[in-house]
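As the structure lists them, so they are numbered: ligands from 1, and atoms in each ligand from 1.
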Amino acid sequence: MTRKTNALQENVLDPMVSQPVTVRRIIWENDDTFTLTLDMSALGEGFHFLPGQFNMVYVYGVGEAAISISSDPARTSSLDHTIHRVGLVTTSLAQRKRGDVIGIRGPYGSSWPIDVARGKDVCIASGGIGLAPLRPILYTILKNREDYGRVILLYGGRSPLDLLYRVELEKWANDFNVEVLVTVDRGDSSWKGHIGVVTSLFQYIKLDARATVTYVCGPEIMMKYTIDELERRGVPQTQIYLSMERNMKCAIGFCGHCQMGPTFICKEGPVYPLPRVRSLMDRKEL
Ligand SMILES: Cc1cc2nc3c(=O)[nH]c(=O)nc-3n(C[C@H](O)[C@H](O)[C@H](O)COP(=O)(O)OP(=O)(O)OC[C@H]3O[C@@H](n4cnc5c(N)ncnc54)[C@H](O)[C@@H]3O)c2cc1C
């Protein structure tokens with residue numbers, strides 16, 4: 001198999017060619033979101049990616065969609081993608097069965113910088129499916145938990161049934177000393193937790209602003225309010241990282257579908273330090 005490397009994206013398979021991989025398992029996280037586990041053993045030496053990167057996932061005869069990798073980067077024989085069923089490709093992916101073959105190309109894009117957080121507190125703020133691209137950085141941090149100070153996870157979903165990775169949320173809190181704070185927009189009769197938007201969770205935590213690195217992913221409106229809140233609390237912009245999303249086609253910086261002002265999200269992003277995209281986020285319909 002051809003592997004092409006470049007300075008930015010080492011270990012990228014030939015960027016224009018999807019590689020066939022087999023579906024190992026599909027787990028439904030809620031009514032319209034599922035985690036697709038792919039068997040990567042056919043790719044020989046394994047598949048390596050960095051937290052925050054994504055693949056183009058291809059259903060033969062249907063089409064491709066950009067999907068973040070949501071599994072542990074240290075696990076190379078299989079790969080998870082957590083997928084929200086919204087349109088043609090994701091609905092078709094939801095219908096795959098164990099043993100089916102689909103295509104992937106990648107990994108693409110920038111990653112959550114992890115070294116900058118060593119010795120510091122970490123605050124991860126996520127909304128909805130935005131927790132999926134953050135899960136790999138959590139796995140990585142928790143492998144070396146003692147290298148970091150406080151680890152705070154703020155997570156919001158539309159309703160209790162929409163929350164992802166519920167078993168892991170408890171495990172991270174109980175076994176790894178992660179301060180997990182969860183909220184929902186709408187509760188139900190079983191919900192005893194907080195109700196409100198993700199930013200309303202900030203009232204429960206006191207951040208040591210200068211010593212905190214933050215990673216943010218969710219709907220753009222959630223990211224904007226989260227950034228406002230972090231800045232109000234004095235977290236320097238250079239310590240805030242976020243993952244941007246735009247519709248994508250080629251994923252290698254040619255087609256321009258994911259262009260946001262001067263940047264192509266597929267190449268320079270999806271993960272950006274806030275100062276790089278702050279002014280772009282304030283401009284409507286960019
Ligand atoms: C870097 C990156 C990582 C992503 N990671 C994930 C992930 O982990 N899990 C996941 O479920 N999805 C993820 N997405 C989003 C996913 O790529 C899109 O939802 C994709 O279009 C779905 O394909 P589809 O054919 O099912 O839907 P489509 O038929 O393409 O679209 C369905 C609907 O969503 C709208 N839409 C499509 N893409 C976008 C977009 N990017 N922004 C706003 N509206 C859009 C369309 O206009 C349409 O209304 C990611 C996107 C990017 C750019």
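- If you check which protein heavy atom lies closest to atom 27 (O) of ligand 1, you get Gly87 CA, 3.3 Å.
- For atom 10 (C) of ligand 1, a protein heavy-atom neighbour is found at a distance under 4.0 Å.
- Contacts between Met248 and ligand 1, counted as non-hydrogen atom pairs separated by less than 4.0 Å, involve the side chain only.
- For atom 16 (C) of ligand 1, the nearest protein heavy atom lies under 4.0 Å away.
- Listed here is the closest heavy atom pair of Ala94 and Ile26: O-CD1, 4.2 Å.
- Ile152 and Ile240 fall within the same hydrophobic cluster, where Ile, Leu, Val, Met, Phe, Trp and Tyr residues are linked whenever their side-chain heavy atoms come under 4.5 Å apart, directly or through other members.
- Note that Arg135 lies in the cation-pi zone of Tyr165, set by a 6.0 Å cut-off to the ring centre and a 45° limit from the axis.
- Proximity of atom 47 (O) of ligand 1 to the protein is not indicated, since no non-hydrogen protein atom lies closer than 4.0 angstrom.
- Taking atom 12 (N) of ligand 1 as the reference point, the nearest protein heavy-atom neighbour is Ile67 CD1, 3.8 Å.
- Of all protein heavy atoms, the one closest to atom 2 (C) of ligand 1 is Ala66 CB, 4.0 Å.
- Contact check on Arg278 versus Asp228 returns a salt bridge, with a Lys/Arg side-chain nitrogen under 4.0 Å from an Asp/Glu carboxylate oxygen.
- Nearest heavy-atom pair, Asn30 versus Asp162, reported as atom, atom and distance to 0.1 Å: ND2-O, 3.0 Å.
- Taking a distance limit of 4.0 Å, we find that atom 29 (O) of ligand 1 is approached by some protein heavy atom.
- For ligand 1 and Arg246, the ligand atoms under 4.0 Å from any heavy atom of the residue are 41 (N), 53 (C).
- Pairs passing the salt bridge (charged side-chain N to carboxylate O under 4.0 Å, His left out) check and including a residue from residues 85-95, sequence neighbours excluded, do not occur.
- Not a single protein heavy atom sits closer than 4.0 Å to atom 35 (C) of ligand 1.
- Closest to atom 19 (O) of ligand 1 among all protein heavy atoms lies Val86 CG2, 3.6 Å.
- Heavy atoms only, all atoms of each residue included: Cys255 and Cys250 are closest at N-SG, 3.4 Å.
- Closest non-hydrogen pair, Trp28 versus Asp31, comes out as CZ3-O, 3.6 Å.
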Donor-acceptor contacts under 3.5 Å from residues 206-216 side chains, at least two apart:
from   : atom 1 : to     : atom 2 : distance (Å)
Thr212 : OG1    : Asp208 : O      : 2.7
Thr214 : OG1    : Gln239 : O      : 3.3
Tyr215 : OH     : Pro113 : O      : 2.7

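- Nearest non-hydrogen protein atom to atom 25 (O) of ligand 1 is Val89 N, 2.9 Å.
- Interface atoms of ligand 1 facing His84, defined by a heavy-atom separation under 4.0 Å, are 10 (C), 11 (O).
- Closest heavy-atom approach to atom 7 (C) of ligand 1 among the candidates Val59, Ile83, Thr82: Thr82.
- In this structure, atom 3 (C) of ligand 1 lies nearest to the protein heavy atom Ser68 OG, 3.4 Å.
- Summary of contacts: the protein heavy atom closest to atom 52 (C) of ligand 1 is Glu245 CG, 3.5 Å.
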task: Begin from the C-alpha positions of Tyr204 and His194 and carry the test ring-ring contact (aromatic ring centres under 6.0 Å, His included) through to its verdict.
output: CA-CA 11 Å; Tyr204 300 112; His194 186 76; 5.2 Å; yes
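- Other residues, nucleotides and ligands contribute more than 12 heavy atoms inside 6.0 Å of the CZ atom of Arg145.
- Between Ser18 and Tyr58, the shortest heavy-atom distance links the atoms OG-CD2, 3.6 Å.
- Closest protein heavy atom to atom 23 (O) of ligand 1: Ala65 CB, 3.7 Å.
- Listed by number with element, the atoms of ligand 1 under 4.0 Å from a non-hydrogen atom of Thr90 are 22 (C), 24 (P), 26 (O).
- Close contacts between ligand 1 and Phe54 involve ligand atoms 1 (C) [criterion: under 4.0 Å to a heavy atom].
- Of the candidates Leu131, Asn247, Ile69, Asn247 brings a heavy atom nearest to atom 37 (C) of ligand 1.
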